[in-house]
There are 2 protein chains.
Amino acid sequence: MALRERKKLRTREAISTAAIELFVEHGFDQVSITQVAEAADVSRRTLFAYFPTKEDLVVHRFADHEDEPARVVRARPADQSPLVALHTHFIERLRAHDPFTGLTDLPQVLDLYRLLRGTPALMARMLQFNETSERELASALHETAGTPELTARLAAAQIASVHWTLAMSNFDRCASGTSAPKALPTAVKAANQGFALLSSGLAPLWPTTEGSP
Amino acid sequence: MALRERKKLRTREAISTAAIELFVEHGFDQVSITQVAEAADVSRRTLFAYFPTKEDLVVHRFADHEDEPARVVRARPADQSPLVALHTHFIERLRAHDPFTGLTDLPQVLDLYRLLRGTPALMARMLQFNETSERELASALHETAGTPELTARLAAAQIASVHWTLAMSNFDRCASGTSAPKALPTAVKAANQGFALLSSGLAPLWPTTEGSP
DNA sequence: GTGCTAATCTGCACTTAGTCTACTTTTGCA
DNA sequence: TGCAAAAGTAGACTAAGTGCAGATTAGCAC
């Protein structure tokens, strides 16, 4: 990689790191773009060349994971169902304490999560990420499993929402002080339940005599 | 209702109507708050007394439906499962061409939907509505069906996402010119499939020999 | 090294969303 | 009619984000 490219990456990291540090310490709304630019030793204008909005200074760190579910579905063995592939992968990442699952002990990541949850503007941006992820997952299901389009969209929506719920739930436990290894068994159980609900449906939760309309 | 209250409501409506009219004609980003205030014949500052953000000028029209799923679950007969209640209700609203379902012929509503879909900032705001709706549904499930908290959250997430997907799918059909009565059968079939997936799970979609991990 | 080109960085002015404060108008009611 | 409270207004202010014109700097040819 050329010097120019490397320098750009370093600058980008420097800006984002400075931003998150300031945001974590003083709060997202209490720190201005100008202050971030000063801390990172670049001009305000340059900062906007790297990050289109203030929110992106924080959430770009999750951009890598945006297409993870779709990739997992596309990369699965031919004889494996998408749901099993996603389940297996999630449990695997959980055991690896991948921040992607919400289960982590890294103080920096926990701070980052706390910042996200406490800032509506950032949560809104994360939901958009989630929607992109969902759309890509729908495409992957449609293209690799032959699922009809609407069906794929419905399934992807369910899967993405369960995924998000599990990650938030895991994070909440870690943020409130439980260590990752200690939270792992609960997290695995939760993940198993989430994927079981996806796989077998919600009907067994509320058994009644009445049928559907 | 007192004169003061009535006048406030009228002002609120006038502002929102003027705003939507302008936004639909020229685009959300091409119209400034100042222009909206002028069109509604109030001061900029007064406008902000009624609507906290520019986005709210548009999306407040959906605020009524925010807690609809939770209400349906709470109001269901004692012997009915939450899922059946929600399914029945959705089909009912579909037949009534309730804009809440995305199925409508009212040109104003269609314009409004088109505006939403074409404006990322507005979609982001709608996703937040959806999340609130999901949280309230989770509470309703937890409190009225005795579902454990995490289970309720997972179920609510799935239900809310299917709901949203169905509404968007119906809207897309209507926005592309299909009349509501003509789109109804397809919409009912889609709803039945969505709720069937929720009820019985995704496993049957992708039958394989391999089990879960 | 020298110089050229193109990418990058910067300063500055500008627009717009949203807030704050102090002041005026209107409404409900005695 | 008069008064207290609610609602509306004017105008200055902060901060995000954009456009532009000029200064720097990397990459490369010689």
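Residue numbers begin at 1 in each chain, while the letters A, B, ... track the order of the sequences. Side chains included, hydrogens not; waters and symmetry mates left out as well; all remaining heavy atoms used.
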*Taking atom C1' of C/dA7 as reference, at what distance in whole Å does atom CZ of A/R6 sit?*
17 Å

*asked:* Is the phosphate of D/dA7 approached by B/Y50 (side-chain N or O, under 4.0 Å from OP1 or OP2)?
replied: no

*Once you round it to whole Å, what is the distance between C1' of D/dA15 and NE2 of A/H26?*
18 Å

*For A/F51, which contact category applies under a 4.0 Å heavy-atom criterion: base, sugar-phosphate, or nothing?*
nothing

*Roughly, in whole Å, what's the span from CZ in A/F48 to P in C/dT10?*
14 Å

*For A/I33 and C/dC12, what is the distance between atoms CD1 and P respectively, to the nearest whole Å?*
19 Å

*Which comes earlier along DNA chain D counting from the 5' end, the contact point of B/T11 or that of A/Q35, where each point is its nearest nucleotide?*
B/T11

*Any side-chain donor paired with an acceptor under 3.5 Å for A/R61 and A/S16?*
yes

*Does a donor on one side chain and an acceptor on the other come within less than 3.5 Å for A/T147 and B/W206?*
yes

_C/dT10, OP1 or OP2 - any side-chain N/O from A/T46 closer than 4.0 Å?_
yes

*Ignoring backbone atoms, test whether A/K54 places a side-chain nitrogen or oxygen under 4.0 Å from the OP1 or OP2 oxygen of D/dA15.*
no

*Any chance you could lay out the side-chain hydrogen bond (donor to acceptor under 3.5 Å, both in side chains) test for A/E68 and A/S133, step after step, and finish with the verdict?*
CA-CA 8 Å; A/E68 193 158 322; A/S133 174; over 6 Å; no

*Give a yes/no answer on whether the side chain of A/S43 brings an N or O atom under 4.0 Å of OP1 or OP2 in C/dT10.*
yes

_Quick check on D/dA7: is either OP1 or OP2 less than 4.0 Å from any side-chain nitrogen or oxygen of B/K8?_
yes

*Provide, to the nearest angstrom, the distance between the CG atom belonging to A/D29 and the C1' atom belonging to D/dT14.*
13 Å

*asked:* Nearest whole Å is fine: how far is C/dT8 C1' from A/E5 CD?
replied: 12 Å

*Where does the angle between the aromatic ring planes of B/H163 and B/F90 fall among parallel (under 30°), tilted (30 to 60°) and perpendicular (over 60°)?*
perpendicular

*Exercise: do B/R76 and B/T144 side chains pair donor with acceptor under 3.5 Å*: yes

*D/dT24 P sits how many Å from A/D41 CG, rounded?*
16 Å

*Polar pair under 3.5 Å, donor/acceptor by atom type, side chain A/R45, base D/dG19*: yes

_Toward the 5' end of DNA chain C, by each residue's nearest nucleotide, B/K7 or A/L47_ = A/L47

*C/dG18 base to B/R44 side chain: any donor-acceptor pair below 3.5 Å?*
yes

*CZ of A/R125 versus P of D/dA16: gap in Å, rounded?*
16 Å

